[in-house]
Amino acid sequence: MRQKQSFLPAFLVIGIMGILIASYVFAAYAMVKPDPDRICQGVFADEVELSGMTADEARNVLNEHIARLSRRTLTVDVNGKTVSTTLADLGYASELEPVIEEALKIGKEGSLFANYARIKEVAAEHKVFELAGNYSQKKLKNFVEKKCAAKCTKPKNSKISMENGTLVYTKSRQGETLDVDSTVQRIQTALAEQAEAAEVTVQAVVAVKEPDVSKKLASRCRDEIGKYATSFNAGNVSRSKNVANAARLINGTVVYPGETFSVHDTISPMTEENGYYQAPSYSNGEVVDSIGGGVCQVSTTLYNALLLAELEIVERSPHSMVVTYVKPSMDAAIAGDYKDLKFRNNTDVPVFIEGGTVSGSVYFHIYGEETRGPGRQVAYESETIETIQPGADKITYDKTKPETFMQVTQEAHIGYKAVLWKLVTENGKTKKTQVNSSTYKAEPRYVTKGGAKPGASPKPGQSPKATASPRPDKTPKATKAPKPTSEPKAAVTPAPAEEPKTGDSPAETDPPLATAIPVPPEDGGQ
């Protein structure tokens, strides 16, 4: 009993002390406790103090802080040439709400003792939130790809031209290329390491870029590897001008290794502004005038030069009707955007095209590097495998003309089916391979006759007018019978000559137009 009584004073003392301590802490906490809507003392975001601020006040000062940071400058040095931007232009921003929310919780989440201890700790040692500044990765990469890369010196290719019959080559020059990904990585690292710097400077990652065509490579284009010429009627002035204009537009073209050349793209548009005139062309089996008539002879001549150069033909189409300046299957038609002549430079050196007109001939010379042996001989042979007759005349009647009138408006055209063979002779042996096959339409002669169409009858509901009776006092004079005439025989387009000769009258050719969908005419010549 005495032992139990001896502990009672101790318990009383401890209880009183606990009450006193709790009272002290409560009083002390009451003195330092922040208002529910305010941040306690000692809280910072970066170097910005938020002590005693409401959420709105903290948001305002932090927005000003972020705006100040976004005005910092980023400068990129591209081999001595600089380009600058601001972080604002890169979309610099920071998430403020999570920081403000956490700052408001300090000293308000735990027990009275824990909150008091936390408030005293933060007041003494400070709590600093780091604002994670973010920028748009897309905008940063676009800045490097567009503005920084633009400071790089571009490599300069050697150019090839013909001067006084001699090929000449300009000097080439090395350039620079920007490593975009590596430069972006450098910028990201610098922005993180220099978070407070007013200007962040970064050295771009740049490498030397060689020109696609050095002078050494260009100068290997020195050999004539193919040539061809065809004749045209210089008396047909408009057509002759079209031929000369198209040849001029192609002349001087350089096709680099791996590139594809298009005649259509090079000589277009077929307009008067681009130097073309109205001249005969084929349309729906008829010869009509169209702008640019005759340029098919240019593409055909180039086609044969390319064949002799043994370059890769990507696209070629025959005319709708046969031409006379080359044999069947040796032609190459141009019509709108659906018939074109294209070739690819499948060699290791540039190809130079020289072309023009002289004394009623259009010519092309192809220059490159001759890699074929001197004993290799290349020839092409046209073979007609079928002839298609034009059939009966296509007659149109003109009531305004007398019955004796007859005019041939278009001669007949024989149709052909033909193939082109390539013959390569080496070491006394000849190898024969087919290059293409072509079909040319047959078209009848077009004839206009006077009078009404035989067998024509009056329209329904109409009766023919009665012939007036002659006056009793006058006798009608008899009409003289027309002199008997014989119809001329249908003329046909002859098969093309064995070789194009100077002075031959070239045939302009056009593809037929579709009935439902308009198709541009082919341009060529007769």
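Summarising the geometry, atom CD1 belonging to I187 is positioned 8.5 Å from atom OH belonging to Y135; distances are rounded to the nearest 0.5 Å.
Remark: Y363 engages H365 in a ring pair (Phe, Tyr, Trp, His ring centres under 6.0 Å) (not counting sequence neighbours). Contacts of F261 classified as ring pair (Phe, Tyr, Trp, His ring centres under 6.0 Å), with partners at least two apart in sequence or in another chain: F343. Under the salt bridge (Lys or Arg N to Asp or Glu O under 4.0 Å) criterion, E383 pairs with no residue at all, not counting sequence neighbours. With sequence neighbours excluded, the residues that form a salt bridge (Lys or Arg N to Asp or Glu O under 4.0 Å) with E370 are R372. Scored by the salt bridge (Lys or Arg N to Asp or Glu O under 4.0 Å) test, R220 finds E369 as partners (sequence neighbours excluded). Remark: N245 pairs with R248, L249, Y276 by the side chain to side chain contact (heavy atoms under 4.5 Å, CB included) rule, at least two apart or across chains. In this view, L308 and Y228, Y380 satisfy the side chain to side chain contact (heavy atoms under 4.5 Å, CB included) rule, not counting sequence neighbours. In this view, D181 and K141 satisfy the salt bridge (Lys or Arg N to Asp or Glu O under 4.0 Å) rule, not counting sequence neighbours. Every residue meeting the side chain to side chain contact (heavy atoms under 4.5 Å, CB included) condition with A442, not counting sequence neighbours, appears here in chain and number order: I388. With sequence neighbours left out, the side chain to side chain contact (heavy atoms under 4.5 Å, CB included) criterion links K156 to R173.
When only modelled atom types and interatomic distance are considered, Q278 and S290 share no side-chain donor-acceptor pair under 3.5 Å. A donor-acceptor contact closer than 3.5 angstrom is absent between the side chains of T300 and R316. Side chain to side chain, S172 and N157 fail the donor-acceptor criterion of an N or O pair below 3.5 Å. Side-chain atoms of S329 and S382 form no donor-acceptor pair, as typed in the model, at a separation below 3.5 Å.
For residues 158-167, no pair satisfies side chain to side chain donor-acceptor pair (under 3.5 Å), with sequence neighbours left out.
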May I have the list of side-chain donor-acceptor pairs in residues 147-154 shorter than 3.5 Å, sequence neighbours left out?
from, atom 1, to, atom 2, distance (Å)
T153, OG1, K81, NZ, 3.2

